[in-house]
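Given the structure is predicted, the values throughout are model-derived calculations rather than measurements.
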Amino acid sequence: MNDYLAPALNDNPQAILRDVFGYERFRGPQQAITRHVIEGGDALVLMPTGGGKSLCYQIPAIARQRAGRGVTLVISPLIALMHDQVGALRELGVAAAFLNSTLDWQQADEIERRLLAGQLTLLYAAPERVGTPRFLGLLDTLHAHGQLSLFAIDEAHCVSQWGHDFRPEYRQLTVLHERWPDVPRIALTATADAITRADIVERLQLQNARPFISSFDRPNIRYAIVEKKDATRQLLQFIGRQHAGEAGIVYCQSRRRVEELATTLCAHGLHALPYHAGLDADVRQRHQDCFLREDDVVMVATIAFGMGIDKPDVRFVAHVDMPKNIEGYYQETGRAGRDGALADAWMAYGLQDVVNQRRMIDESVAEEDFKQIMRGKLDALLALAESTGCRRERLLAYFGEDMAAASAAANMPDGQSARLRYRPGFCGQCDNCLHPPEVWDATDAARKLLSAVFRVQQASGISFGAGHIMDIVRGKHTDKVAQYGHQRLSTFGAGADYSEAQLRSVLRQLIALGAIQVDARAFNTLKLLESARPILKGEQPLYLRAADAPAREKRERRGKQGNARRPLPPVAADLDAAAQQRFAALKAWRADTARAQELPAYVIFHDATLAAIAARAPQTLADLQGISGIGAAKLDKYGADVLHVCAGINAAG
């Protein structure tokens with residue numbers, strides 16, 4: 001290891017964790033990561049959303065700064081993320097700042113002055129700024145004086161063309177290693193399959209970095225995927241029955257859909273706001289601030305929203321349109337339940353989603369090799385959606401993880417989520433495990449659909465779409481059927497005893513299985529693939545998920561009626577009556593304090609910290625020590641106020 005990288009430590013990560021951040025214990029590999037980086041090693045960190053990635057570079061930044069190594073540069077893709085993290089660090093007494101387009105030249109000049117004077121521990125900047133000659137010159141000056149301590153590259157999947165959120169400007173970050181090879185680097189992401197990981201390593205020249213791959217499991221998230229019938233109605237029922245009055249995110253594919261759905265949710269009494277790249281920047285910022293600082297906002301958004309959102313009490317993430325791949329789905333659903341309490345990931349998807357996603361891939365201008373990888377990623381998501389087995393098991397398998405190993409590695413925040421006890425193929429926290437789907441022998445229906453696709457191609461010399469194929473199989477006399485004479489085909493009416501819902505479900509699953517291809521370049525027509533042959537010949541039986549039955553919907557509805565409204569956040573649900581009063585008063589005080597400082601409420605204290613304070617009923621500052629989330633700076637800044645709030649409730653009681 002280079003001598004430059006071996007600081008004479010005058011602090012240790014455990015002490016920083018306790019004294020600065022207010023936590024007694026590290027989670028998962030955090031301790032090993034922080035020690036490795038403090039000692040000057042490069043690291044590639046894959047850790048799920050809510051797993052505590054930021055501590056993995058913030059603690060080394062503080063330790064190395066105290067050892068005289070200077071400032072840590074954090075490369076972050078989003079202005080909102082910079083603002084929130086810098087605000088949170090300042091609340092902890094850590095000297096942090098950002099350089100971005102929200103600053104005027106005088107403010108930026110002051111930050112640069114403090115940077116060169118050695119008055120900062122962490123500096124946040126966007127990749128676009130890092131590559132400018134002026135900024136590189138600042139880093140040269142710092143390095144010349146031995147004051148360039150560490151590079152932290154957050155959201156590192158943005159560097160990969162195979163990732164779900166590729167940002168070309170991330171490619172220029174190779175300059176960090178090329179220009180200052182003796183400065184250690186840590187790259188972090190919550191989402192990357194094997195292809196994306198390899199691309200991150202190559203693009204950022206991290207071949208010698210030590211990989212730290214945490215479990216991808218989020219045991220507090222319940223996964224559910226339903227057949228799309230009327231997505232808006234289904235969404236309203238889901239929110240009303242399980243998450244009324246709670247914060248959530250709803251993802252849509254198009255800006256128009258975002259606007260329409262947000263309006264509909266508001267009309268049904270929900271506090272919903274739209275967010276997409278077509279909105280004015282001031283409107284987006286205002287809506288994001290409202291989401292972060294209020295308790296009951298439902299953000300309806302495209303994928304333009306969410307990266308770096310640290311709001312801990314998002315109780316659900318819903319998709320009314322299918323994402324592009326499992327990485328995107330995992331990243332987006334991972335924004336729920338960051339506090340470790342129970343949260344839901346809900347998605348409605350149907351045949352049109354499959355058609356739309358395949359069309360977007362086929363019509364893109366990318367090279368064919370790229371398209372093939374994107375099709376493979378989409379197929380993996382389709383397999384997850386159509387699976388009749390444990391969704392969590394399949395989701396983890398995509399990232400190369402065994403569910404039993406995930407169970408052993410599960411490490412949620414203390415007192416916030418019980419570790420689940422897995423048994424093979426059963427997680428107890430997905431719809432397929434909680435309500436096993438009906439499976440039926442769909443071989444006959446599948447053969448009739450496949451045969452119809454083949455026969456119309458043979459008879460007409462052209463291909464047709466899903467709707468026309470189902471009309472033929474069900475024996476419907478439409479104008480198009482008559483126009484092409486398809487009523488004379490042997491497959492006409494062959495599946496009249498199957499409902500449209502059944503055939504649509506089978507057709508969707510045949511596409512997911514790769515037996516049928518949707519050709520977006522030919523008006524979304526259907527073509528048979530090689531894997532259809534054994535099914536057509538009767539050599540391969542096909543047992544598929546049954547179309548959702550009304551009886552099952554009623555059963556699930558009855559089972560969920562009791563969860564319609566939680567009067568308290570899950571972390572405070574077990575408090576007694578007196579503690580609940582203290583908790584409510586503390587939340588009101590926190591809201592006022594956060595508003596006065598223009599910060600999200602969770603930056604002051606998380607709900608879990610307020611619940612722990614309420615349960616302890618503190619009377620002295622000493623009583624507050626040791627509560628998770630209260631470090632030295634927050635104890636000094638807010639301790640007296642907290643005691644005053646609790647005393648007022650105790651006196652009133």
Side-chain angles (χ1 to χ4, degrees), residues 221-244 246 248-254 256-265 268 270 272 274 298-303 305-306 314-326 328-333 335-336 343-358 360 378 380-388 391 394-395 430-432 434-435 437-438 466 500-502 504-509 511-512 544-550 552-557 559-560 563:
I221 295 182
R222 292 182 299 202
Y223 297 95
I225 302 176
V226 303
E227 182 181 356
K228 185 185 292 187
K229 297 174 182 177
D230 179 344
T232 300
R233 176 185 61 82
Q234 290 170 291
L235 175 67
L236 284 166
Q237 290 176 344
F238 163 70
I239 297 175
R241 291 169 186 163
Q242 297 177 247
H243 295 290
E246 295 181 326
I249 305 171
V250 179
Y251 282 107
C252 308
Q253 278 290 342
S254 71
R256 179 179 177 182
R257 179 69 169 134
V258 165
E259 298 276 2
E260 292 173 346
L261 189 53
T263 300
T264 300
L265 295 185
H268 283 78
L270 298 174
V298 176
M299 186 69 86
V300 185
T302 62
I303 58 172
F305 177 79
V314 175
R315 295 271 64 87
F316 70 91
V317 170
H319 288 84
V320 294
D321 298 307
M322 174 182 279
K324 295 178 181 179
N325 50 51
I326 284 185
Y329 173 76
Y330 177 83
Q331 178 92 351
E332 289 151 20
T333 59
R335 289 159 190 156
D344 283 292
W346 180 91
M347 181 169 74
Y349 109 106
L351 179 60
Q352 194 59 44
D353 288 305
V354 182
V355 172
N356 289 342
Q357 290 293 354
R358 288 206 186 278
M360 284 191 284
L378 175 60
L381 181 57
L382 293 176
L384 173 69
E386 297 292 359
S387 172
T388 58
R391 298 208 193 271
R394 185 174 286 272
L395 183 63
C430 77
D431 55 344
N432 285 349
L434 292 169
H435 305 284
E438 297 175 14
E500 183 177 345
Q502 284 177 307
R504 184 173 294 276
S505 175
V506 173
L507 187 57
R508 189 181 67 237
Q509 293 179 74
I511 295 171
L544 300 178
R545 171 190 290 272
D548 286 348
R552 181 182 174 190
E553 289 185 356
K554 291 178 181 177
R555 181 174 69 250
E556 292 182 356
R557 183 160 63 248
K560 292 174 181 176
N563 294 330

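Not a single donor-acceptor pair under 3.5 Å links the side chain of Ser387 to the backbone N or O of Ala383. Looking at Thr264, its side chain does come within 3.5 Å of a backbone N or O of Glu260 through a donor-acceptor pair. Under a 3.5 Å cut-off, the side chain of Gln234 and the backbone N or O of Asp230 do form a donor-acceptor pair. Looking at Tyr251, its side chain never comes within 3.5 Å of a backbone N or O of Met347 through a donor-acceptor pair. No side-chain donor-acceptor contact under 3.5 Å links Arg315 to the backbone of Gly248. A donor-acceptor pair is defined here as one N or O able to donate and one able to accept, closer than 3.5 Å; no such pair exists between the side chain of Arg222 and the backbone of Asp431. Although no hydrogens or angles enter the test, the distance criterion places a donor-acceptor pair under 3.5 Å between the side chain of Asp353 and the main chain of Gly350. Between the side chain of Gln253 and the main chain of Met322, a donor-acceptor pair closer than 3.5 Å is present. Of the possible donor and acceptor atoms, none in the side chain of Asn432 sits under 3.5 Å from a partner among the backbone N and O of Pro437.
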Requested in this report: Go through the steps for Leu384 and Tyr329 under the test side chain to side chain contact (heavy atoms under 4.5 Å, CB included), then give the verdict.
Outcome: CA-CA 11 Å; Leu384 173 69; Tyr329 173 76; 3.8 Å; yes
Report task. Evaluate the criterion salt bridge (charged side-chain N to carboxylate O under 4.0 Å, His left out) for residue pair Arg508 and Glu227; output intermediate values, then yes/no. Result -> CA-CA 10 Å; Arg508 189 181 67 237; Glu227 182 181 356; 3.7 Å; yes
Query raised in the report: Could you go step by step and tell me if Val314 and His243 meet the side chain to side chain contact (heavy atoms under 4.5 Å, CB included) rule?
Result: CA-CA 10 Å; Val314 175; His243 295 290; over 6 Å; no
Requested in this report: Applying side chain to side chain contact (heavy atoms under 4.5 Å, CB included), run through Leu235 and Leu261 and close with a yes or a no.
Outcome: CA-CA 10 Å; Leu235 175 67; Leu261 189 53; 3.8 Å; yes
Query - Val250 vs Phe316, side chain to side chain contact (heavy atoms under 4.5 Å, CB included): CA-CA, chis, key distance, verdict - result: CA-CA 8 Å; Val250 179; Phe316 70 91; 4.1 Å; yes
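Ring to ring, Tyr349 and His319 are not that close: their centroids are 6.0 angstrom or more apart.
With a 4.5 Å cut-off on side-chain heavy atoms, Gln357 and Leu382 do not count as touching. The shortest distance between side-chain heavy atoms of Ile221 and Val317 does not fall below 4.5 Å.
Atom CG of residue Leu381 and atom CD of residue Glu386 lie 10.0 Å apart, to the nearest 0.5 angstrom.
The closest side-chain donor-acceptor pair between Gln509 and Ser505 falls under 3.5 angstrom.
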